[in-house]
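Within every chain, numbering begins at 1; the chains are lettered A, B, ... in the order of the sequence lines, protein sequences first and strands thereafter.
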Amino acid sequence: MIVPFIWMISTSFKLPGEVISFPPHLIPQKPTLEHYIRVFTELSFARYYFNSLYIATIITLVCLFTSSLGGYVFAKFKFWGQGVLFIMILSTIMMPSSVQMVPLYLIMKKFHWLNTHYALIFTSLISTFGFFLMRQYMYNIPNELRESALIDGCSEFGVFWKIIFPLVKPALAALTIFVFMQSWDMFIWPLIVLDTKTLYTLPVGLATFSMQWWTNYALVMTGATVSVIPVLVVFLFMQRQFIEGIVLSGLKA
Amino acid sequence: MRAKEYIKHRKKIFSSQAFFILSVLIPIICYYSVFKWYPFIYAIILSFYKYTLRSKHFIGLTNFAEAFTEDSIFLISLKNTVYYVAMIVPTEIILGLIFALMINRLQKRKSADVFRTIYFLPVITCLVACCITWRWLYQPLFGLFNIILGSIGLPRLKWLMSTKTALLSIAVMRIWKDLGIVIVLLLAGLQGIPRTFHESSMIDGANRWQTLIYITIPLLVPTIIFVIIIEVINTFQAFSEILIMTSGLAGSATTAGGPLNSTITVVLHIYMRAFNYFRMGYASGLSMILFIIIIIFTIVQLRISRIKWKY
C-alpha cells in the first residue's frame, strides 16, 4: 500500500545515474540533496507552495464562516421561501464540475479574472457540502440557548458569534480539513484558468514541472515528495480528526 | 403599558431577526446565482450554440447530433469511461469490504491505527503527486514494476504505453488511491449494525461464514449502494489522472488520452474540445450529455435502493 511512497522518497535522494541502475536499491548508496535544493531555488516550488497555501487558507476561512452562518439560518429560523431555496442549493450538488467548467471560464473572462487568483478563490467561496454539514449539526443545538441570549439583550449576530459558533467546533474542525484538502488539491480549474507560471498552485506547478523534466526521474520524484510531505505530517499528527472529517463528509453528503 | 413595551420589544427582535436573516441570505443567494445557477443555465444555453473564438450563433441540436454521429472520439471516450468505472468500482467494493471486515475485527486496538494510516495515506496525498509517482513506477525500462517482473522472470509489460494495458494501469492507481475512503465508509456502515443481530445469530448457532453472508452483508447493503453511487459519480468524471499519466513530454497535452486514444475519458474529451479547440458550445453540449447520464444513473440507483431492506 505504501510501497509507491517509499519508492518515491527513495528515488528523490538518488543521483541521476543511480536512479536507473540495476538492480535498484531501496536506500540510495550515494544519497544527495541536490534535487531538493534545485527544486526550491531554480524551479520555484516555494512560489507554488506559497500560492497554494494562501489560496487554500482564504478559501477555508471564508467557507467556514459562510457555511456556519448559512447552516445556522436554515437550521434555526423559519422564513418565506425556505424550502425552495434549500432545494435550489441542494441541486448544486448534482451539477458536475465538468458542466460548470466551460461557462465559468467564460464568466471569468468577462470579469477579467482569467489568469488571476480571484478566479480560483471566488469560485470556491461557499461549500455547499459544508453548508449541509453545519445545518445538520446545528439542528441539535437547543433553541433555548438562543432565546435566553436574546432575552439577555444579545444581538442576533452576537448570538451567532458568541454562542453558536463555539458550540460547533467539532464539525468546524472536520469541515476545515475537508475544505482545505479540497482546495489544496484543485487541479482542473487552476489548470484551465492560470497561464503564468508564477501564479500556479502546487498541483498545476507540479504537473507542468514533471512533464518538462520527465527524463530526470529523481528530480521529478523530489517534486512529488515535496508536495506530499506537509499533508503527510499533518495527517500523522491529526489522524483521528482527518478521518472523522472524511467520514462525516461521506455520511452526510 | 407593559403590553406596549412587550410588543415593542418583540417588534425589535423581529426586525433585527429579519435583518440578520437577510444579511446572511442575500450574499449567499447572490453568490449562488453568479457562480452556480447562472453557469448551469448558461451551459444549457451554450450547448445549443456554436460558440468559438470567431463566431457565436444558434444551431439547435446540431451539437448533440455531431456528438453521436461524427465525433468518434466522443464515443470512444464514453466506452473508455464505462470500462474505467466498471474496472474500478466493483474491485473497490470487494476489496474494501474484505479489508473493512478484517479491520472491524480489530476494534480499538493500536494495530487498527497503524492500518488506518496505511490505507488512508493514498487518499490524502495530492492526486498529481500520486499520478507522477505511479507513472514512474510504470516506466517500461526503469520503473519498479517492470524491474520486479523482470527479476522474477515474468515478461515486462508496456503498462501505460500499450493500448491494451493503459486504461487498466490507470485504474489500478485509482483503486489504490480511493480504497481508503471506501474502507472508511464501509467500516462506518459496519459499525452501525447493532450488535444484537450478531449476538442472536450466534445464539442460533450460525458460524462466522453464515453470519457474514446472511446477516452482515444484507444489513450493509444500503451503505454499499451509497458507496457505489459516490464512487461511480466520481470515477465517471475522471480527468486529472488520465491527463497527467498520458501527457507527452514538454507539457504538451497532445498525447493525452493514451496510445490511440485508449484512455481518453469523457471529461478529458470535453476539456480538450473546450480549451484546445475552443469549441465552447460543443463542449457544453457534451457536458450536458454527461450530466444526463449521471442523473439517469443516480435515479436508477436510488430506485434500486428504495427496495425495502428492513428486517
Side-chain angles (χ1 to χ4, degrees), chain A residues 1-2 4-5 7-8 11 19-20 22 24 66 69-70 73 77 79 88-89 92 94-104 106-107 122-123 125-126 150 155-157 181 185 187-188 192 202-203 206-208 210-212 214 217 220-221 224 227-228 231 235 239 242-243 246-247 250-251, chain B residues 13 16-17 20-21 24-25 28-29 31-32 35-37 39-40 42-43 46 113 116-122 124-130 132-134 136-137 142 144 147 151 181 184-185 188 230 237 239-240 244 247 249-251 267 270-271 274-275 280 283-284 287-288 290-291 294-295:
Chain A
M1 224 36 204
I2 47 178
F5 292 122
W7 192 244
M8 171 183 82
T11 312
V19 167
I20 55 179
F22 184 85
T66 56
L69 263 177
V73 165
F77 296 83
F79 47 89
M88 288 180 74
I89 296 183
T92 59
M94 282 310 301
M95 299 175 190
S97 53
S98 26
V99 169
Q100 296 186 317
M101 225 164 45
V102 173
L104 266 182
L106 294 171
I107 295 178
F122 275 88
T123 46
L125 277 184
I126 301 188
L150 283 172
S155 71
E156 288 282 1
F157 282 102
M181 259 178 52
D185 246 356
F187 178 66
I188 305 184
I192 293 176
L202 197 57
L206 180 61
T208 47
S210 71
M211 290 308 136
Q212 225 179 337
W214 182 241
Y217 302 117
V220 172
M221 284 300 114
S227 316
V228 158
V231 178
F235 175 64
Q239 261 190 58
F242 241 105
I243 300 198
I246 305 287
V247 172
L251 290 178
Chain B
I13 294 180
S16 91
Q17 187 183 87
F20 178 69
I21 296 181
V24 168
L25 283 186
I28 290 185
I29 295 180
Y31 179 82
Y32 271 91
F35 290 101
K36 306 270 180 188
W37 298 324
F40 186 67
Y42 195 11
L46 255 188
D113 271 357
R116 187 172 55 190
T117 316
I118 293 182
Y119 65 66
F120 216 68
L121 217 47
I124 54 153
T125 45
C126 192
L127 181 61
V128 178
C130 288
I132 297 176
T133 307
W134 277 77
W136 165 229
L137 289 173
F142 308 117
L144 187 62
I147 291 185
S151 56
I181 300 191
V184 161
L185 290 175
I230 289 192
Q237 300 183 58
F239 167 82
S240 316
I244 298 176
S247 274
L249 296 174
V267 179
I270 295 178
Y271 168 81
F275 300 107
M280 302 286 182
S284 262
S287 69
M288 280 295 129
L290 176 68
F291 177 63
I294 292 184
I295 292 263

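- A distance of 8.0 Å separates CZ in A/Phe187 from CG in B/Leu127, rounded to the nearest 0.5 Å.
- For chain A, the option among B/Ile270, B/Leu25, B/Ile29 with the highest count of heavy-atom pairs below 4.5 Å is B/Leu25.
- For A/Val73, the part sitting under 4.5 Å from any heavy atom of chain B is the side chain, from C-beta outward, and nothing else.
- When each of A/Thr123, A/Ile89, A/Leu106, A/Ile2 is scored by its heavy-atom pairs under 4.5 Å with chain B, the top score falls to A/Leu106.
- When all heavy atoms of A/Ser98 and B/Leu290 are compared, the pair lying nearest together is OG-CD2, 3.2 Å.
- For the atom pair B/Tyr31 OH and A/Leu125 CG, the distance stands at 5.0 Å (nearest 0.5 Å).
- One finds the CZ atom of B/Phe275 at 4.0 Å from the CD1 atom of A/Ile192 (value rounded to the nearest 0.5 Å).
- Judged purely by atom type and a 3.5 angstrom limit, B/Trp136 has no side-chain atom pairing as donor or acceptor with the backbone of A/Val220.
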Problem - Residue pair B/Thr133, A/Val228: steps toward the side-chain contact (heavy atoms from CB on, under 4.5 Å) verdict - result: CA-CA 11 Å; B/Thr133 307; A/Val228 158; over 6 Å; no
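- Across A/Val102, A/Thr92, A/Ile126, A/Leu104, the residue that shares the most heavy-atom pairs under 4.5 angstrom with chain B is A/Ile126.
- Among B/Phe35, B/Phe40, B/Phe239, the residue making the largest number of heavy-atom pairs under 4.5 Å with chain A is B/Phe35.
- Proximity to chain A (any heavy atom under 4.5 Å) is restricted, for B/Ile294, to the side chain, taken from C-beta onward.
- Considering all non-hydrogen atoms of both residues, A/Pro103 and B/Ala43 come closest at CG-CB, 3.6 Å.
- Here the shortest heavy-atom pairing between B/Pro39 and A/Ile107 reads CG-CD1, 3.8 Å.
- Contact tally against chain B (heavy-atom pairs below 4.5 Å) for A/Met88, A/Met8, A/Met94, A/Met101: the top residue is A/Met88.
- Scanning all heavy atoms of the two residues, the minimum distance from B/Gln237 to A/Pro96 falls at OE1-CB, 3.3 Å.
- The candidate from B/Ala283, B/Ser240, B/Ser284, B/Ala274 with the greatest count of non-hydrogen atom pairs under 4.5 Å with chain A is B/Ser240.
- In terms of non-hydrogen atom pairs under 4.5 Å with chain A, the most contact-rich of B/Val267, B/Ile295, B/Ile28 is B/Ile28.
- Between the SG atom of B/Cys126 and the CE atom of A/Met181 there is a distance of 10.0 Å, given to the nearest 0.5 Å.
- Pairing each heavy atom of A/Gln100 with each of B/Lys36, the nearest pair is NE2-O, 3.6 Å.
- Using a 4.5 Å cut-off on side-chain heavy atoms (C-beta onward), A/Pro4 and B/Leu137 make contact.
- In terms of heavy-atom proximity, B/Phe291 sits nearest to A/Met95 at CE1-CA, 4.3 Å.
- A/Phe77 and B/Phe20 have tilted rings, their planes meeting at an angle from 30° to 60° on a 0 to 90° scale.
- When heavy atoms are compared at a cutoff of 4.5 Å, B/Tyr32 approaches chain A solely by way of its side chain, counted from C-beta outward.
- Separation of atoms OG1 (A/Thr208) and CD1 (B/Ile244) is listed at 10.0 Å; rounding is to 0.5 Å.
- Only the side chain of B/Leu46 comes within less than 4.5 Å of a heavy atom in chain A; its backbone stays farther off.
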